[in-house]
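This report refers to the structure that appears directly beneath it.
All chains are named by letter (A, B, ...) in the order of the sequence lines, taking the proteins before the strands, and each is independently numbered beginning at 1.
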Amino acid sequence: MSDPDSLYYRYYYFNPTISVSSGQMFLWQQIGNSWYGTYGDNIVKFTVLDDGRTSNSDSGSNSDRDSNSSKDNKFEFSSYPEIQGWERKVFRLDDNIGKVLSILSNDALVHEAIKKYHGLRLMRQEPHQCLFSFACASNTNITMIRRMLMNLSKKFGTKLTFDGREFYTFPSTKSLNMATLSDLQACGVGYRAKTIKAVAKHLISGNLDTDHLIHREYEEAKSELLKVYGIGNKIADCILLFSLEKLDAFPIDVWISKAISRYYYWLLDESGDTKLDKLSKNESLSTNQYTAVSRYLRRYFGEYSGYAQQFIYYHMREIAGRRW
DNA sequence: GTACAGGCAGTAT
DNA sequence: ATACTGCCTGTA
């Protein structure tokens, strides 16, 4: 890479476009060449500067590059109210991505996905927003979750203007705590209103403290989250991975479940765990099966299991022809 | 009309 | 321990 100012050069290549479209963060929208996202009280924005410059073959370091993304776009970042350098935090540019990808490349499937979805990053979410977002995520799909969160933001967030357009901040924990069940249900969240209330109550009372959980180990933080009504294994793992710095978390949803029975069944087989015998035909996991499967996969992928999960997840959605 | 979508809690076996 | 069931809501 000849341009020392390019983000590829400074941070190892990353592609915010593929990350925001991966479904790991719900409140993003594309307008023209720009993407706008809600990050708590702020609206963050990046624009793809398509300067037509294509990457040249610089001595093999690009050999893993997917041919589809051989063009190195530049990106411009801004926000309102302004947060300097938010992209570093949100796209986890502080991670040693070279090390992460190198370790995970030991697995054949993840290695393929890394090549294919070059530049995909894990995104770091604002913890309270992440908690409430996944409180809405049970038994539904991404389109519905987006709708619920947009409705909640309109009703309980603060309107602000950015680039001459209207946006809403994410609702404060306090406002969601004060809301009644029917206020929340008016946003189309249905029975999940009880989970939202439970999360708000735990946060307001100090019973659940995200700053505290960030500094605890995976197991301990997870058991705290599981005490909240409506938060189960999968949702807790998403919250841990996306906002509480648990890169070793490995959320298992139906897509990852498919990937496991297809590509990683040998791992469970090797474990000799009898309660996993029926897993190949029945892809839905009981609580105990989830815990067991999660343990083996986390042991296999190691401290960066969450990155592996993200690449596998994105891959499964892609080959299934995702639509949202 | 019916099945289903990035789960979970409650209840019955 | 494991299996089964209902749940809000919109879309196919």
Side-chain angles (χ1 to χ4, degrees), chain A residues 19-28 120 122-123 125 130-152 155 179-199 201-202 222-243 249-262 273-295 297 305-306 308-324:
Chain A
S19 299
V20 299
S21 64
S22 70
Q24 55 180 308
M25 199 170 175
F26 304 110
L27 289 177
W28 280 85
L120 175 63
L122 257 180
M123 291 175 71
Q125 305 187 19
C130 188
L131 268 160
F132 288 116
S133 296
F134 284 97
C136 295
S138 81
N139 192 27
T140 187
N141 55 47
I142 290 179
T143 309
M144 291 294 293
I145 299 167
R146 285 171 54 85
R147 179 174 308 162
M148 294 178 212
L149 295 178
M150 288 190 288
N151 290 340
L152 288 170
K155 194 173 170 85
T180 66
L181 280 181
S182 56
D183 287 340
L184 296 170
Q185 278 165 341
C187 299
V189 301
Y191 63 87
R192 303 168 191 85
K194 283 168 72 178
T195 307
I196 296 172
K197 287 293 289 180
V199 168
K201 193 177 165 188
H202 275 79
K222 183 164 181 178
S223 70
E224 288 301 309
L225 288 176
L226 291 177
K227 291 175 183 169
V228 182
Y229 175 90
I231 306 286
N233 258 321
K234 185 266 176 181
I235 288 176
D237 278 335
C238 287
I239 295 164
L240 291 168
L241 175 61
F242 296 133
S243 73
F250 190 85
I252 303 171
D253 55 34
V254 296
W255 297 97
I256 295 294
S257 202
K258 281 174 191 162
I260 291 171
S261 54
R262 228 189 263 181
D273 197 326
T274 53
K275 65 173 161 293
L276 302 178
D277 286 350
K278 287 187 283 186
L279 208 60
S280 52
K281 42 183 173 186
N282 180 14
E283 284 166 352
S284 77
L285 299 176
S286 71
T287 303
N288 287 332
Q289 284 178 331
Y290 186 108
T291 306
V293 173
S294 173
R295 182 167 57 246
L297 271 290
S305 292
Q309 191 269 6
Q310 195 55 38
F311 279 100
I312 296 168
Y313 175 78
Y314 195 71
H315 177 66
M316 295 303 288
R317 297 296 302 237
E318 282 294 306
I319 63 177
R322 70 194 162 92
R323 50 184 201 285
W324 63 66

Just how far, in rounded Å, is [atom2] of [N] from [atom1] of [X]?
{"X": "A/Leu285", "N": "C/dA1", "atom1": "CG", "atom2": "C1'", "value": "16 Å"}
{"X": "A/Met148", "N": "B/dA5", "atom1": "CE", "atom2": "C1'", "value": "10 Å"}
{"X": "A/Asn141", "N": "C/dG10", "atom1": "CG", "atom2": "C1'", "value": "8 Å"}
{"X": "A/Lys194", "N": "B/dA9", "atom1": "NZ", "atom2": "P", "value": "10 Å"}
{"X": "A/Gln310", "N": "B/dG6", "atom1": "CD", "atom2": "C1'", "value": "12 Å"}
{"X": "A/Asn288", "N": "B/dC8", "atom1": "CG", "atom2": "P", "value": "14 Å"}
{"X": "A/Trp255", "N": "B/dA5", "atom1": "CH2", "atom2": "C1'", "value": "10 Å"}
{"X": "A/Arg317", "N": "B/dA5", "atom1": "CZ", "atom2": "P", "value": "10 Å"}

Any idea which heavy atoms bring A/Trp255 and A/Ala320 closest together, and the distance?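 It is CZ3-CB, 3.4 Å.
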Would you confirm whether A/Gln309, through its side chain, and A/Pro251, through its main-chain N or O, come within 3.5 Å as a donor-acceptor pair?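 Such a contact is found between A/Gln309 side chain and A/Pro251 backbone.
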Under 3.5 Å, side chain of A/Ser257 to main-chain N/O of A/Val254, donor-acceptor pair present? no
Does A/Asn233 have a side-chain nitrogen or oxygen under 4.0 Å from the phosphate oxygens OP1 or OP2 of B/dC8? no
Centroid-to-centroid, A/Phe26 to A/Phe134, below 6.0 Å?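 Yes - the distance between ring centres of A/Phe26 and A/Phe134 falls below the 6.0 Å cut-off.
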Take atom C1' in C/dC8 and the same atom in B/dA3, then report the distance between them in whole Å.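 One C1' to the other, the span is 16 Å.
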C/dA3 and B/dG6, which share atom name P, separated by this distance in whole Å: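 Straight-line distance between the two P atoms is 24 Å.
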So does A/Lys155 have more than 12 non-hydrogen atoms from other groups sitting under 6.0 Å from NZ? yes
Have a look at A/Ile231 and say if it touches a base, only the backbone sugar-phosphate, or nothing, with a 4.0 Å heavy-atom cut-off.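 Sugar-phosphate, no base atom in range.
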Look at all strands and tell whether A/Arg192 reaches a base, only sugar-phosphate, or nothing, counting heavy atoms closer than 4.0 Å.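 Base contact - A/Arg192 has a heavy atom under 4.0 Å of at least one base atom.
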Per-residue pairing states of DNA chain C in dot-bracket (Watson-Crick or G-U under 3.5 Å; . unpaired, | other strand) read |||||||.||||
Judged by each residue's nearest nucleotide on DNA chain B, which is more toward the 5′ side, A/Met144 or A/Leu226?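 Upstream on the strand: A/Met144.
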Dump the intermediate steps for side chain to side chain contact (heavy atoms under 4.5 Å, CB included) on A/Leu27 and A/Met150, then the final yes or no. CA-CA 7 Å; A/Leu27 289 177; A/Met150 288 190 288; 3.7 Å; yes
Going by modelled atom types, is there a donor-acceptor pair between the base of B/dG7 and the side chain of A/Tyr191 at under 3.5 Å? yes
Counting distance alone, no hydrogens or angles: does the base of C/dG10 have a donor or acceptor under 3.5 Å from a partner atom on the side chain of A/Arg147? no
With the side chain of A/Asn139 defined as its heavy atoms from C-beta on, choose the nearest nucleotide among B/dA5, B/dG6, C/dT9. B/dA5
To the nearest 0.5 angstrom, please state how far the CD1 atom of A/Ile252 sits from the CG atom of A/Leu285.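 Interatomic distance, A/Ile252 CD1 to A/Leu285 CG, rounded to 0.5 Å: 6.0 Å.
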